[in-house]
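Naming: A, B, ... by sequence-line order, numbering from 1 per chain. From a predicted model like this one, the values you see are computed outputs, not experimental measurements.
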2 protein chains.
Amino acid sequence: MSENKKYNIEVRVWIEEAEGAFLGIGKIWLLENIKKTGSITNAAKEMKMAYRQAWQLVEEMNQRAESPLVEKLLGGKGGGGAKLTEAGERAIEVFYEVEKRIKEFALKETQNLKF
Amino acid sequence: MSENKKYNIEVRVWIEEAEGAFLGIGKIWLLENIKKTGSITNAAKEMKMAYRQAWQLVEEMNQRAESPLVEKLLGGKGGGGAKLTEAGERAIEVFYEVEKRIKEFALKETQNLKF
DNA sequence: CAGCAGTATTCTTTTAAAAACATACTGAAA
DNA sequence: TTTCAGTATGTTTTTAAAAGAATACTGCTG
């Protein structure tokens, strides 16, 4: 009764829709950075991610949501930009809320794991 | 109040140990197939997975568990084989139990998702 | 109407993961 | 002492995903 390794339960949460994965932690981070920086370009830089991929993720989200999460502004002063819609703001909150509850539940299950 | 998309929460559960991922659903399936077929070779075939990879997964599990989950028999009649240890049997049960509880909890959280 | 900065989109290259291939090794049993 | 089927392990090939590069488009502003 001495050398006991520590094990803990990890949980990954995401939200699906008929067509497939809709919203996971990666897209949430992207939403947060778009909110913070005001554009997909700068959000991508912040995350050291290619603009191309960030743009694709935004497309996916917008198409799979009932109403778009990100509003894109084309051209104009500063070339345009992107900002969260009401639905986008709510999505962040809802996701974190759900994720938090599930992770807390998982943590409780961690007691006494042995292998 | 009509076109409402259906969203549901998906959850992936696995168990970590200091060195990294220890046990997820993939390794559990492998354990089950080893139990069923009596060898890594046949388990791998069953799962249409390369023997090499199956063998590596077994190594990982055994090293990260406090005591091995799979006992390997080398040479002899039939070339040898592999079988689950007591710890291996228990690992399957524990994993499914934990996973089931968490997924049930997640299901309850699914109500009223809207995006 | 030229400049600008971000969005939109296609094409190419790189990289990393998985699969496939090849070959020893092991030990009971005939 | 050869056979056999499974374990053990290194090398090569394939494949899919990510990254990168290149280019067109948009519409305000000076």
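- A salt bridge links R101(B) with E97(B): the distance from a Lys NZ or Arg NE/NH1/NH2 to an Asp or Glu carboxylate oxygen falls below 4.0 Å.
- Residue contacts shown for G80(A) are limited to sugar-phosphate atoms, with no base heavy atom under 4.0 Å away.
- Neither I25(A) nor L107(A) shares a network with the other; the hydrophobic side chains, linked directly or stepwise wherever heavy atoms of I, L, V, M, F, W or Y lie under 4.5 Å apart, form separate groups for each.
- For Y7(A), the ring pair (Phe, Tyr, Trp, His ring centres under 6.0 Å) criterion is met by F115(A), F22(B), not counting sequence neighbours.
- Between E66(A) and K5(B), the shortest heavy-atom distance links the atoms OE2-N, 2.6 Å.
- Closest-nucleotide positions on DNA chain D for K77(A) and G78(B) were compared, and the one nearer the 5' end corresponds to G78(B).
- Put simply, CD1 on I34(A) is 14 Å from P on dG6(C), counting in whole angstrom units.
- Here the P atom of nucleotide dG6(C) and the CD atom of E71(A) are 17 Å apart, to the nearest Å.
- When heavy atoms are screened at a 4.0 angstrom cut-off, G79(A) is found touching base atoms of the nucleic acid.
- Both I34(A) and Y51(A) belong to a common hydrophobic cluster when Ile, Leu, Val, Met, Phe, Trp and Tyr are linked at side-chain heavy-atom distances under 4.5 angstrom.
- For dA8(D), the OP1/OP2 oxygens have a side-chain nitrogen or oxygen of K72(B) closer than 4.0 Å.
- Against DNA chain C, the stretch residues 35-59 of chain B makes heavy-atom approaches under 4.0 Å through R52(B), Q53(B).
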Trace of the side-chain hydrogen bond (donor to acceptor under 3.5 Å, both in side chains) decision for N62(A) with E60(A): CA-CA 5 Å; N62(A) 278 352; E60(A) 238 180 67; over 6 Å; no

